[in-house]
Colleague: 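Handing you a structure now.
In each ligand, atom 1 is the first atom listed, and ligand 1 is the first ligand listed. Hydrogens, waters and symmetry mates play no part in the numbers below; they use all other heavy atoms, side chains included.
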Amino acid sequence: MRLTKTYLRSFNTKKLDTFPVEILKKVDRPTTFIKDFDVQRLDEREHGFNRAARGDFGPALKKERPRMPVKHPLSASLVNACGYLSQILQNKITTQRAPRTDDPVMMARHIKEAAYFLRADIVGICHLPPYAVYSHNTAGEAIELNHKYAIAIVIDQDFKTANAAVGNDWISSSMSYLAYSTSGFIAQILADYIRRLGYPAKAHHARNYEVVVPPILLWAGIGEMCRIGDIVLSPFLGPRFKAAIVTTDLPLAIDKPIDFGLQDFCAKCMQCARYCPSGSIPFDEKITHNGYEKWHNDVEKCTKERVGNKMGASCGVCISVCPWNKPYTPFHRFIQWTMRNIPFTRNFAVMGDELLGYDKPKLKDKWWFDLEDVEGRLRVSQFSGRRGDHKKK
Ligand code: SF4
């Protein structure tokens, strides 16, 4: 009896999430219109970076692609860690299921608590949409994955760094791989744990994704699709995050998609399109592409900018300039509340950002070295100019 009481105490009703996700408006379907039956499963070989590696964007980019994530030493260290994560062998699924693991509400709460314990920033759960599974991996092997649920594990790329960076300077790739490696670490442990509880589970993270992340983030209530393209934007982190996914058959209560007014906001804002150095983010209306009605990013231009950047490692200008890229302070919480709930205030968000200086990098907070690995030797490198050198009015 005493043991049961202690066991039950872990399933309490105290507030769970780091951010107040409970205050967001929940909807039945994502705010991006998705014609489920028209969405074709994607082939991972057709991802922009893989096309660059194959030579689709020319020999110079083909040569540069393997260097891109490792030309800065910090990014190289994070990529190294990601590589080890993908080599972790899957433990066997325990034959006898752990007691009391068949209650979906209780287990969803427990799995989220476990993910937060492992230092996730946001966690959401949805049914795994069949179209979110890649058709083939980078080796050309067909992917079969029939798990029922997907757990999205979100990691912040760090506001202070995003705010100090120009966006396409030497820290950009490290910011991505910080979030890729940390979310991948959590996903691997969570999947291992679920298998020990007696259920199938698989971790998907940088270097071994078998699922397409954005539709999962939409259905799991992490955010809405934004103007940047196939990027989901969180009301608490903006576009400043990466996610790993665990797919499983463990019974889990699912979250609902959210609506915080982003479709209207992005229609008015266009800050990312103005600042994008490659011109890959559209000023135009949404179009329908592969069953999704969305703003369509020019993948070739975006990939060329990120892989071919000679004065930095990759690019994240759109992340840095987005008005949702803010710290979670009482002042910004209030501003974000107005942006979510009072549509006319969205017209002033960009103006407010420029008045408060958020359109410029806070270079005094810069903490990283502008180093570049050139044929095994580190040299101090020039970093890309001021943010907004390519700005369109
Ligand atoms: Fe949307 Fe503006 Fe952010 Fe671009 S910068 S994603 S338009 S909110």
Colleague: Can a salt bridge be assigned to the pair R109 and D103 using a cut-off of 4.0 Å between side-chain N and carboxylate O?
Modeller: no
Colleague: May I ask you to check whether F265 and W324 place their ring centers less than 6.0 Å from one another?
Modeller: yes
Colleague: Taking all non-hydrogen atoms of both residues into account, name the closest pair between R45 and N137 and its distance.
Modeller: CG-O, 3.5 Å
Colleague: Should one rank M270, R274, R346, E224 by closest heavy-atom distance to atom 7 (S) of ligand 1, which comes out on top?
Modeller: M270
Colleague: Mind checking whether Y131 and Y292 have parallel, tilted or perpendicular rings, split at 30° and 60°?
Modeller: perpendicular
Colleague: How are the rings of F49 and H47 set to each other: parallel, tilted or perpendicular (split at 30° and 60°)?
Modeller: tilted
Colleague: Closer than 2.8 Å to atom 3 (Fe) of ligand 1, what protein N/O/S atoms do you find?
Modeller: C322 SG
Colleague: Looking at K310, E372, H72, K71, which hits side-chain hydrogen bond (donor to acceptor under 3.5 Å, both in side chains) with S381?
Modeller: E372
